[in-house]
There are 2 protein chains.
Amino acid sequence: MCTSTFAGPWQHLEQGERVHIFAAMHARGLHLTAQREAILEAIFGCPGHICAEHILGAVLDRRPTLRMNKTTVYRALNLLVDMRLVREHRVGAGPAQYEPASRGPHTHLICRACGQSWNLDGDVVQGFTASLRARDGFEAQLESYPIFGLCSTCRG
Amino acid sequence: MCTSTFAGPWQHLEQGERVHIFAAMHARGLHLTAQREAILEAIFGCPGHICAEHILGAVLDRRPTLRMNKTTVYRALNLLVDMRLVREHRVGAGPAQYEPASRGPHTHLICRACGQSWNLDGDVVQGFTASLRARDGFEAQLESYPIFGLCSTCRG
DNA sequence: GTGAATGCAAACATTTTGCAGTAAG
DNA sequence: CTTACTGCAAAATGTTTGCATTCAC
């Protein structure tokens, strides 16, 4: 079951982004349909992560004339993740969460006890990923998953 | 759907471990039943991670006289995770994976391209978690989930 | 016009729940 | 003898698939 919903103003895709996505799809012989555009707008218009159910809800709310179905949402999401236009986070129980890949790398700290989350800026993460790269040649993609643990308050 | 199965020799719980678990359960007014003991043996006897379906399979295979049901497996797993005797890993699609909490912290690196995984020893991780602790007071539990990225081969 | 995209219903995989019966302490 | 535990069947959740129809290009 999903919990939070983003009810902010409806965002249209920024023009450059739209062009880039259209080109990427065209190159694969795929269509940028009204449904897919609405799904993209829901994802790009949400400041955080959003799940399939909420994407469906947002589109139905804000584009009542557009036909839309959960199957279409899931199919579009798989496509967009495949094309690396959207990042997927599957962590813990509950539905997968999605966000624009263009948002750039950022890591979340999540407290297992209180559930709060914090953004972790680049410095510390970069030090860690740099040492993994140096040691093992492994390019860690820490932005794909939040880091779980206990926050300073809950440790006490 | 599960893929790999561990078909190694049946392990009985090490005596000290059994005593410790029994005490922990007793302290909560819970029973260490034959079913729960068999489930624990399946988890502790598996060198890697094991999922609910395979625990059920292992117990049915090796203790044909013992009645056992997937509901019992899931209920036992929730209990054991809750008691922090067993660690749960939910990552990507597919069923949750379980392993003894006593196995100590260790982090896995998993390559998104080829799917291979490597154990990451403590040093590098400890440096990272130490800086998070110092900076944010956050106690990261990196052993709870793998770090995804690209291995040296697949980066090329 | 043609191949790709959609909606619907149904299947699927994983996990949880209600309830009546069983067994551990 | 009490309270926890179990099995069964059924539900809940999140996601995918088959197929006939519709639409973008």
Side-chain angles (χ1 to χ4, degrees), chain A residues 1-3 5 18-19 21-40 49-57 59-60 63-83 86 88-98, chain B residues 1-4 18-19 21-40 49-57 59-60 63-83 86 88-98:
Chain A
M1 196 212 311
C2 283
T3 49
T5 313
R18 212 202 96 101
V19 168
I21 289 167
F22 182 88
M25 295 198 132
H26 191 257
R28 287 198 179 198
L30 304 175
H31 303 169
L32 181 51
T33 60
Q35 280 83 355
R36 286 181 182 165
E37 192 149 4
I39 288 165
L40 282 162
H49 300 164
I50 188 168
C51 68
E53 188 185 327
H54 283 155
I55 293 171
L56 178 60
V59 174
L60 290 177
R63 293 232 180 149
T65 60
L66 185 63
R67 300 189 74 203
M68 178 60 73
N69 179 276
K70 71 179 168 166
T71 305
T72 303
V73 175
Y74 279 112
R75 280 200 272 237
L77 285 172
N78 285 343
L79 185 75
L80 295 169
V81 169
D82 221 60
M83 296 178 70
V86 165
E88 181 185 61
H89 307 271
R90 280 172 194 262
V91 70
Q97 303 289 321
Y98 299 88
Chain B
M1 196 210 311
C2 281
T3 49
S4 65
R18 212 202 96 102
V19 168
I21 289 168
F22 182 88
M25 296 198 133
H26 192 256
R28 287 198 179 198
L30 304 176
H31 303 167
L32 180 51
T33 60
Q35 280 84 355
R36 287 182 181 164
E37 192 149 3
I39 289 165
L40 282 162
H49 300 164
I50 188 168
C51 68
E53 189 185 328
H54 283 154
I55 293 170
L56 178 60
V59 173
L60 291 178
R63 294 234 179 148
T65 60
L66 185 63
R67 299 190 75 203
M68 177 61 71
N69 178 277
K70 70 178 168 171
T71 306
T72 302
V73 175
Y74 279 112
R75 280 199 273 237
L77 286 173
N78 286 343
L79 184 75
L80 295 169
V81 169
D82 221 61
M83 296 178 71
V86 165
E88 180 185 62
H89 306 272
R90 281 173 193 262
V91 70
Q97 303 289 320
Y98 299 88

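These figures come from a predicted structure and were not determined experimentally. In what follows, chains carry the letters A, B, and so on, assigned in the order in which the sequence lines appear, proteins first and then strands, with residues in each chain numbered from 1.
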Can you check nucleotides 23-25 of chain C for protein contacts, nitrogen or oxygen pairs under 3.5 Å, and list what you find?
none

- Message: Measure CD/Gln35(A) against C1'/dT21(D) and give the value in whole Å, please.
- Response: 13 Å

- Note on the structure: Contact check, residues 72-82 of chain B vs DNA chain C, heavy-atom distance under 4.0 Å, returns Tyr74(B), Arg75(B), Asn78(B)

- From the list Arg75(B), Met25(B), Arg36(B), Glu88(B), side chain to side chain contact (heavy atoms under 4.5 Å, CB included) partner of Leu80(B) resolves to Met25(B)

- Query: Just how far is it from atom NE2 of His89(B) to atom CD of Gln97(B), taken to the nearest 0.5 Å?
  - Reply: 8.5 Å

- How would you label the contact of Ala96(B) with the nucleic acid (heavy atoms, under 4.0 Å): base, sugar-phosphate, or nothing? sugar-phosphate

- Examine dT6(C): is either OP1 or OP2 under 4.0 Å from a nitrogen or oxygen in the side chain of Arg36(A)? Give yes or no. yes

- Message: In this structure, how many angstroms lie between the C1' atom of dT14(C) and the CG atom of Leu56(B), rounded?
- Response: 13 Å

- Message: Looking at every non-hydrogen atom in both residues, tell me the closest pair between Ala52(A) and Leu77(A) and how far apart they are.
- Response: CB-CD1, 3.9 Å

- N or O in side chain of Arg67(A) less than 4.0 angstrom from dT22(D) OP1/OP2: no

- Sub-4.5 Å side-chain heavy-atom contact between Arg28(A) and Asp82(A): yes

- Interatomic distance, CD1@Ile21(A) vs CG@Leu40(A), rounded to 0.5 Å, equals 4.5 Å

- Message: Expressed as a whole number of angstroms, how long is the span from Met68(A):CE to dC8(C):P?
- Response: 12 Å

- Query: Hey, does the side-chain of Lys70(A) have a donor or acceptor N/O within less than 3.5 Å of a partner on the base of dT15(D)?
  - Reply: yes

- Query: DNA chain C: Pro95(B) or Leu66(A), which has the more 5' nearest nucleotide?
  - Reply: Leu66(A)

- Message: Output the rounded distance in Å from CD (Glu53(A)) to C1' (dT16(D)).
- Response: 17 Å

- Message: Distance check needed: dA13(C) P versus Arg90(B) CZ, whole Å only.
- Response: 18 Å

- Task: Calculate, to the nearest 0.5 Å, the distance between atoms OH and CG belonging to Tyr74(A) and Leu56(A) respectively.
- Result: 9.0 Å

- Specify the separation, in whole Å, of atom CG of Asn69(B) and atom C1' of dA20(C). 14 Å

- Item | Ala38(A) to Arg63(A) - nearest heavy-atom pair and separation | CB-NH1, 4.0 Å

- Message: I need the CD-P distance between Gln97(B) and dA13(C), as an integer number of Å.
- Response: 16 Å

- Heavy-atom pair with the smallest gap, counting every atom of Ala76(A) and Ile39(A): CB-CD1, 3.6 Å

- Would you name the heavy atoms of Ala96(A) and Arg90(A) that are closest together and state the gap between them? CB-CG, 3.6 Å

